[in-house]
Engineer: 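There's a structure below that I have some questions on.
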Protein chains: 2
Amino acid sequence: MSDKKSGDEGRYAYEGLDRVLHEKARLGILTSLAARADGLLFTDLKALCNLTDGNLSRHLTVLQEAGIVEIKKGFRGRRPQTLCRLTESGRRRYLGYIGVLESVLADALDAAKATRRTKRVLPEGFSPA
Amino acid sequence: MSDKKSGDEGRYAYEGLDRVLHEKARLGILTSLAARADGLLFTDLKALCNLTDGNLSRHLTVLQEAGIVEIKKGFRGRRPQTLCRLTESGRRRYLGYIGVLESVLADALDAAKATRRTKRVLPEGFSPA
DNA sequence: CCATGGCGCTTTGCGAGCGAAAGTAGGCGG
DNA sequence: CCGCCTACTTTCGCTCGCAAAGCGCCATGG
């Protein structure tokens, strides 16, 4: 590396931003679940994340198929009740994702405050768009 | 609020996660740009974010149409050269997004270390999926 | 006893979005 | 003059996310 001028190649590629996890709704679901080792009910999750039934159902299926959450269907009294929990590997994946999120944030804050001016070569005229 | 049991309704909804910004590639692009007030060239951006030409072009168009970046086409010598820069409102939007990212991260780290066990009511048998 | 309505979830439909691949336009080297 | 290279843009297939409709079950009430 650093065979070129800067060695910054791919500096902002963020390959670790797992597409399955990097999603508004899913991020909320997982963060909710991460806090409770014994899981959450479908209905609670729905309220916590302000999701519609259909939406939540869809996302849970995706997460289940990815082996990130496990879903247990049971009954409360005689009404169906679905319990969702992070799997162990799901938790690891989530933590990994959070790790790169941290580095994104670090870059961002860095950028925000520094806003350093790199000397730029503006050769001839740049016509406005 | 707190008209129900917990007052946590929508606690994890993260409505501020702007869909236009919340995207792997775009996030990288914006973070790159945020650091340099005088902008970056198409080719630099491409290298920094490990994007293909087509991809970068696509994303830039989206960002431009959303008024987040401005694109100036000019020439270096007599080769075309495209300069991209964050607009002022784009910067604000980006900072807003980063703000909610911080809160997501705070929640996540909280969850990760605490992993508190809420007492759960598991009424009758939960059959394994 | 049927029907009307609510709860808990699943399935379907569709429009938007993403990224790979192909296309365009001009410079430059042989 | 010809073909390769750089610097993008456009097209295309497929996935994805979201909203709306559907399904099964229980409860209530006429």
Side-chain angles (χ1 to χ4, degrees), chain A residues 4-5 10 13-15 17-30 39-66 68-84 121 123-124 126-127 129, chain B residues 4 13-15 17-30 39-66 68-84 121 123-124 126-127 129:
Chain A
K4 310 268 284 206
K5 48 185 174 181
Y14 302 135
E15 323 240 334
L17 279 191
D18 193 329
R19 289 207 125 271
V20 179
L21 308 188
H22 185 66
E23 223 261 80
K24 206 158 105 84
R26 247 114 75 177
L27 199 45
I29 294 172
L30 293 176
L40 278 171
L41 299 177
F42 188 95
T43 32
D44 296 344
L45 222 35
K46 181 180 142 183
L48 283 169
C49 305
N50 275 158
L51 289 167
T52 61
D53 295 13
N55 240 265
L56 177 53
S57 180
R58 191 81 178 56
H59 287 303
L60 284 179
T61 305
V62 171
L63 290 171
Q64 183 184 30
E65 275 164 3
I68 292 172
V69 302
E70 59 182 353
I71 311 271
K72 296 192 180 183
K73 287 155 190 300
F75 289 87
R76 156 86 167 201
R78 53 185 56 105
R79 291 184 160 287
Q81 197 172 238
T82 302
L83 182 69
C84 315
V121 197
E124 14 257 63
F126 268 89
S127 53
Chain B
K4 311 266 289 217
Y14 301 135
E15 322 240 334
L17 280 191
D18 195 328
R19 292 209 117 269
V20 179
L21 309 187
H22 185 66
E23 224 261 77
K24 206 159 107 79
R26 246 115 74 177
L27 200 44
I29 294 172
L30 293 176
L40 278 170
L41 298 176
F42 188 96
T43 33
D44 297 343
L45 222 33
K46 181 180 143 184
L48 283 169
C49 304
N50 277 157
L51 288 168
T52 60
D53 295 13
N55 244 275
L56 177 53
S57 180
R58 192 85 181 49
H59 287 303
L60 284 179
T61 304
V62 171
L63 289 172
Q64 184 185 27
E65 277 165 1
I68 292 171
V69 303
E70 58 182 353
I71 311 272
K72 295 194 181 182
K73 286 152 190 302
F75 289 88
R76 156 84 167 204
R78 53 185 56 103
R79 294 183 158 288
Q81 198 172 240
T82 301
L83 181 68
C84 314
V121 199
E124 16 257 60
F126 268 89
S127 52

Engineer: How many whole angstroms separate atom CG of B:L60 from atom P of C:dC18?
Structural biologist: 13 Å

Engineer: Is the phosphate of D:dG24 approached by A:R79 (side-chain N or O, under 4.0 Å from OP1 or OP2)?
Structural biologist: no

Engineer: From A:S57 OG over to A:L45 CG, what is the distance, rounded to the nearest 0.5 angstrom?
Structural biologist: 11.5 Å

Engineer: Less than 4.0 Å between a side-chain N and a carboxylate O, is that true for B:K24 and A:E23?
Structural biologist: no

Engineer: Please report, rounded to the nearest Å, how far the C1' atom of D:dC16 is from the CD atom of A:E65.
Structural biologist: 13 Å

Engineer: It should be established whether A:H59 places a side-chain nitrogen or oxygen under 4.0 Å from OP1 or OP2 of nucleotide D:dC18.
Structural biologist: yes

Engineer: Let me spell it out: for each of A:V20 and A:P80, pick the nucleotide of DNA chain D with the closest heavy atom. Which residue's pick is nearer the 5' end?
Structural biologist: A:V20

Engineer: Which heavy-atom pair separates B:I29 from B:C49 by the least distance, and what is that distance?
Structural biologist: N-SG, 3.8 Å

Engineer: Write down the distance between CZ (A:R58) and P (D:dA21), rounded to a whole number of angstrom.
Structural biologist: 18 Å

Engineer: NZ of A:K24 versus P of D:dG17: gap in Å, rounded?
Structural biologist: 13 Å

Engineer: Which nucleotide wins on minimum distance to the side chain of A:D53, given the candidates C:dG8, C:dC18, C:dT11?
Structural biologist: C:dG8

Engineer: For A:E23 and D:dT15, give me the distance from atom CD to atom C1', rounded to whole Å.
Structural biologist: 12 Å

Engineer: A:L21 and A:R26: which non-hydrogen atoms are nearest, and at how many Å?
Structural biologist: O-CB, 4.2 Å

Engineer: Tell me what B:T61 touches on the nucleic acid: a base, only sugar-phosphate, or nothing, going by heavy atoms under 4.0 Å.
Structural biologist: nothing

Engineer: Minimum heavy-atom separation for A:F42 to A:L60, with atom names?
Structural biologist: CD1-CD1, 3.8 Å

Engineer: Does the side chain of A:K73 get closer than 4.0 angstrom to OP1 or OP2 of C:dT10 through an N or O atom?
Structural biologist: yes

Engineer: Taking only side-chain N and O atoms of B:N55, does any of them lie within less than 4.0 angstrom of OP1 or OP2 on C:dA20?
Structural biologist: yes

Engineer: Rounded to the nearest angstrom, tell me the gap between atom CG in A:L51 and atom P in C:dC9.
Structural biologist: 14 Å

Engineer: Can you measure A:F75 atom CZ to D:dC25 atom P for me and round it to whole angstrom units?
Structural biologist: 9 Å

Engineer: Whether B:R26 contacts C:dC18 is assessed here as follows: a side-chain N or O lying under 4.0 Å from the phosphate OP1 or OP2. Is that the case?
Structural biologist: yes

Engineer: Any base atoms under 4.0 Å from A:S57, or only sugar-phosphate, or nothing? Heavy atoms, all strands.
Structural biologist: base

Engineer: From C-beta outward on A:F42, which listed nucleotide comes closest to its side chain: D:dA7, C:dC9, D:dA19?
Structural biologist: C:dC9

Engineer: So, does B:T82 get its side chain near the phosphate of D:dC8, meaning an N or O under 4.0 Å from OP1 or OP2?
Structural biologist: yes

Engineer: Select one nucleotide: of C:dA20, D:dC8, C:dG27, the one nearest the side-chain heavy atoms of B:R78.
Structural biologist: C:dG27

Engineer: What is the separation between atom CD1 on B:I71 and atom P on D:dC8, rounded to the nearest whole Å?
Structural biologist: 10 Å

